[in-house]
Structure formats: structure tokens, C-alpha cells
Amino acid sequence: MRLLTFLVPEETPAGPATVQCTGVVIGDDVIDLTDPAVGLPAEMDSLLGMGEEALERAADAATSSARRFRLDEVQLLAPVPVPPKVLAIGMNYRAHAAEMGRELPEHQYWFNKQRTSVIGPTEDIVVPAVSEQVDYEGELGIVIGRRAKSVPAERWLDVVAGFTVLNDVSVRDWQRHSPTFTMGKSFNTHCPMGPWIVTPDEVGDPTALSLRTTVNGEIRQDATTADLIFRPAEMIEYLTTVFPLEPGDVLSTGTPAGVGAAFRPPRWLRPGDTVRIEIERVGVLENHVVAEVPVAPPPEPVVDDRR
Ligand code: MN
């Protein structure tokens, strides 16, 4: 099953508006899970938090009278537009650690991406005015489906809702400002995610998937998740030793070799570029790159803070 979050235009008493829905993909169609015939929430983290019951209702929606749209006539958002947490692991492919001149990690090296950096598959990656060193990192994302602490490795799949494609966009000079990576990993728009969540039954072994990243059609990363150093089972055991994972949390599992920083000279993303990440049995995530549009300093603290 493929679950997603999307916007549709809707007439309201106040005039035209867009409304957010959750959906399930059936062929070329998406079925609206917020339709009263199904009655699921418009927020994916709430839907996932309902557990098996929600997934059964989503699966049954295919044969319900719920409204459906053509997939190409809705605007996809990130499958979880505002995840409770976004955590990413660094140096988790041997060849990537080597190209970055780093030792193989003894422990799992986790950092967080601020959840405000999440965008969907139709939104643009913005090159911020403060840096030119913007890089792509194609990664397999894990979406958590159940609140859990202290999960043994062998029970990792119990807490997983599914998999998605994630671009861990990184601003390399800001990344090096501090050992935690957080600043260089959290610029607005620097966590593209999507196009949907694919449930584990359709993905099979997540450590046997091909992953390919292209920039303007040129192959930059061509790898398999079989080369992961730490695997999803170990990740979930390690993280939940310390804190609970919750429905809608996103874990990004690391990037293989071929990032722009590893080229001599480096090949940074530039306005006008298109980054495409394809992961076998999960999907394709494609985003365009644009320049930050300079704005006059705001007279008051910024409230509309998406750019
Ligand atoms: Mn990464």
C-alpha cells in the first residue's frame, strides 16, 4: 500500500481554497481517506498513530465510495508534512565514509534535521544566499508507525509504517561549523521527502534495494542499500535505547558514495538543477533547485517562515 498526503482545490463559503487530505494510491488514482466514507485524519502522523485499524480502513477504501482523484491532478505534499522528529545517520555507507575521508564509525552517528526543513516532491530546494555549497544526499527514509521505547532489534519492523525517499540536502560549509551537523542540515526546504510511504509488505528487505541519484540526468550515486553499515533493525534498537520513536517520525538511513562534495572540484547544486532520487520498490523523488529570493528585512519577526 502506498500512503500519501496531498492538496486539492475546494470551494468554501469564503471562496476558493486548498484542503489537505491523506490518501491511498490505487493504480493511477488516489483515494481520499478523509472522505466521510472512510473517515481517517488529514494528518499522516495521526493516521499512523491509529495503528492497524487505520491501515485496514485505508486498504478497504479501494472498494468504498470515497472520492478519488487522478494522481496527476493533485498536489503531493511530503507524506508526513510535519514529522514529530527527523533524524538522519551520517557515514553509514563504507564508500561514502571513504570519499569524505572519514574512519568507519564505531557508533551510530545521528543528527537531527529540523522538521521545518521538510518539503514535498513538487516543491523547490532553495540555495540560501549565505552559501554556495549545497549538496544532495539520496537516502532511504523509514517512517515510524508506532510509539515505542526500548525496541529489540529483532522487533524493529513492529514500529515501522513504511519507507520513503529522502534527500538529506546539506550545506557543507555550515555543516562544518559544529560537530553536530545540525546547522548545515536544517536550512528551509532541505529535507525533500516522498512521494509516498510504501508499506513494508511491498518493499520486502530494505537492505536489498538499488538507489540511484541523478542531477540533470547525470548519474551521481548508483548504489545498493546492501552496503549499509548499520541496518534499520540496529538503528531502531539504538535510538529507542535513549528516547521513544513516535508515529510520523522519519529516520534517514545515510547516503552512499557520489555526493557533490566528493568531486574535485566539488559539484554543488545550482539554481536550475533537477535532482532525482530513485529507490527500487519505493519510488522517485524529484525536486528542482532555485535561488533564494532576497527580501527586505522584515519589520517584525517573521511569521510566514517557509522561505
Ligand atoms: Mn545524510
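Residue numbers run from 1 in the order of the sequence given. As the structure lists them, so they are numbered: ligands from 1, and atoms in each ligand from 1.
By the salt bridge (charged side-chain N to carboxylate O under 4.0 Å, His left out) test, Arg68 is found to be paired with Asp29, residues two or more places apart in sequence or in another chain being considered.
Using a 4.5 Å heavy-atom threshold, the side chains of Lys185 and His190 count as separate.
The number of protein N, O or S atoms lying under 2.8 Å from the Mn ion (ligand 1) is 3.
The distance from atom OG1 of Thr214 to atom CD1 of Ile277, rounded to the nearest 0.5 Å, is 9.0 Å.
A donor and an acceptor atom, one from each side chain of Thr18 and Glu10, are nowhere located under 3.5 Å apart.
Pairs passing the salt bridge (charged side-chain N to carboxylate O under 4.0 Å, His left out) check and including a residue from residues 89-113, sequence neighbours excluded, read Lys113-Asp168.
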Using residues 21-28 as the side-chain source, report each donor-acceptor pair under 3.5 Å to any protein atom, sequence neighbours left out, with the distance given to one decimal.
unit_1 : atom_1 : unit_2 : atom_2 : d
Thr22  : OG1    : Pro41  : O      : 2.7

